[in-house]
Protein chains: 2
Amino acid sequence: MIILKLGGSIITNKDSKDPICNYGALKRLANEIKSVLINNSKEKLIVVHGAGSFGHNFANKYDIGSIFKDENDFNYKRKGFSITNNCTKKLNTYVCDALIEFDIPAIAVQPSSIFMAENKRIIQSNIDLIKKYLDLGLVPVLYGDVILDVNEHINLVVISGDQIINYLARELRPNKVILGTDVDGVYNKNPKTNVDSKLIHQVSSLNDLDSQDSTTNIDVTGGMFGKIKELLCLAELGINSQIINANNPNLMKNALLGDETIGTIVKID
Amino acid sequence: MIILKLGGSIITNKDSKDPICNYGALKRLANEIKSVLINNSKEKLIVVHGAGSFGHNFANKYDIGSIFKDENDFNYKRKGFSITNNCTKKLNTYVCDALIEFDIPAIAVQPSSIFMAENKRIIQSNIDLIKKYLDLGLVPVLYGDVILDVNEHINLVVISGDQIINYLARELRPNKVILGTDVDGVYNKNPKTNVDSKLIHQVSSLNDLDSQDSTTNIDVTGGMFGKIKELLCLAELGINSQIINANNPNLMKNALLGDETIGTIVKID
């Protein structure tokens, strides 16, 4: 089983104020993903995608995930919850369209319909549904979304695609976890502001990063630093993951097929 | 609590080969639905919509819900399952967009993510999620979709919005069930082919219909006859429902507010 992430920064214009889908990248990646099913039609595959500009702007604007002050504040956040949920779903429709176009039997699994959180962490899910889809050769497609939280002071929270990957990998123990981002991997410093930054080929601890600024995209769900925290939790369980630059054609394909690729492995020796 | 149906023949061009949304009707109805929340902001409301031309054509083409003959046939149906699921979700995004535009805190609940069927009938769901949404004042929006079936000879089935209404009404015992269709109600004969057809103001049994042809829209999920069968099951439990013509401006609003409207009541005295 492979769990694969399509970063929001790849499939959307993440810096845009409006939700803009990067259809070109999406179709290229769908074609690359197809190669793993051509190689082995019985391979179980799960796709998780970020929300990019279809989620982060709204989640920020409506301050979803913070304790609500009063009924008015709750109603405001609730409106943002509706809007964000519908917009991430819209992006998911584009992703499924692209996968289906390349004959991948994609089936959306709406995170808000299967997950429940407690203090912003997933505590409950309908994992059996995902297992059944996989057994039938369907490719479940999940995504960064807003979901309910049992903490009555918050109620409405954002969950990142990375947290979903962490959750699914713990439950399903995939052979491979591959994360397609818009950078070559993890750097010791932010490569966009530090000329002497170096790509780290293996991360085994947060101490491998010189600063929390080792990222090019800080977002509402924590950017690269948040991502690595999720992946280190998996590495502690013996589930290794690989961060690659999905903007480079064929890197996703090579990673999926097990060919050597530039990137960062998150693994504890 | 009110459970409200927006028929696929109202919000889509149901006769179209391609999926075409009727945005005008959708917005008008969203505005009418808003009136119930203006009248009572604490009213619990669930919206269920049909799939119309976003579902039936694909479900028919790929013959979803019939026993599959062999692996090739299953793979063909599985492709149709993916396509139908993504297309109904697309329509749901438009419906939620319209509701949100009119300040209704709509939250999609993907049927394929919460329901499981056995021989084409829903046997399992995540009803707690819907209850939690209602408690928070959110308006769950469900729709006719494809879902998994535990019968291993079928696996993939279609469920109508009407079946969802039947299921939800049994579980949640709403005060009102209102179905917006494209006809004034139930006729003793098909009004489009029989000049002497008469509107039936109350249906208490299938015997009240002169023929199974008492409908203008036979579809993959059974058209008006299928609808009445679902509603009679509810009537037996004491849950009455009302079929109205949602093409007529303000009829939905009047029905929601409890004003007298032309239509058919499904009720057992």
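Chain naming here is simple, since letters A, B, ... match the order of the sequence lines and numbering starts at 1 in each. Heavy atoms only: backbone and side chains are in, while hydrogens, waters and symmetry mates are out.
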Problem - Whether A:K120 side chain and A:G65 backbone form a donor-acceptor pair below 3.5 Å - result: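 Yes.
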
Practice task
Output the option from A:V109, A:V141, A:L99 having the highest count of non-hydrogen pairs under 4.5 Å with chain B.
Solution key: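 Of the candidates given, the most pairs with chain B belong to A:V109.
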
Contact part of [X] toward chain A, heavy-atom cut-off under 4.5 Å: side chain, backbone, both or neither?
| X | value |
| --- | --- |
| B:L156 | side chain |
| B:Q124 | neither |
| B:L136 | both |
| B:A108 | both |

Handout entry: Partner set under salt bridge (Lys or Arg N to Asp or Glu O under 4.0 Å) for B:E152, not counting sequence neighbours
Key =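 Testing B:E152 for salt bridge (Lys or Arg N to Asp or Glu O under 4.0 Å), a comparison that skips the adjacent residues, returns none.
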
Problem - Residues of residues 80-94 of chain A with any heavy atom under 4.5 Å of a heavy atom in chain B - result: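 Residues in range: A:F81, A:S82, A:I83, A:N85, A:N86, A:K89, A:K90, A:N92, A:T93.
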
Problem - Nearest non-hydrogen partners of B:K176 and B:G258, listed with the distance - result: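 So the two residues come closest at NZ-N, 3.3 Å.
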
Exercise for the section: For residues B:V47 and B:L6, report the shortest heavy-atom separation together with the two atoms involved. Expected result: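 Heavy-atom minimum between the residues: CG1-CD1, 4.0 Å.
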
Practice task
To the nearest 0.5 Å, tell me how far B:I147 CD1 sits from B:I122 CD1.
Solution key: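 Going from CD1 on B:I147 over to CD1 on B:I122, the span is 5.5 Å.
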
Exercise for the section: Calculate, to the nearest 0.5 Å, the distance between atoms CG and OG belonging to B:N247 and B:S9 respectively. Expected result: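 The distance works out to 7.5 Å.
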
Practice task
Name the option with the most non-hydrogen atom pairs under 4.5 Å to chain A; the candidates are B:V146, B:I114, B:L138, B:I130.
Solution key: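 The option with the most such pairs is B:L138.
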
Exercise for the section: Under 4.5 Å, counting heavy-atom pairs only, tell me which of B:I104, B:N155, B:D97 racks up the most with chain A. Expected result: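 Going by pairs under 4.5 Å, I would pick B:D97.
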
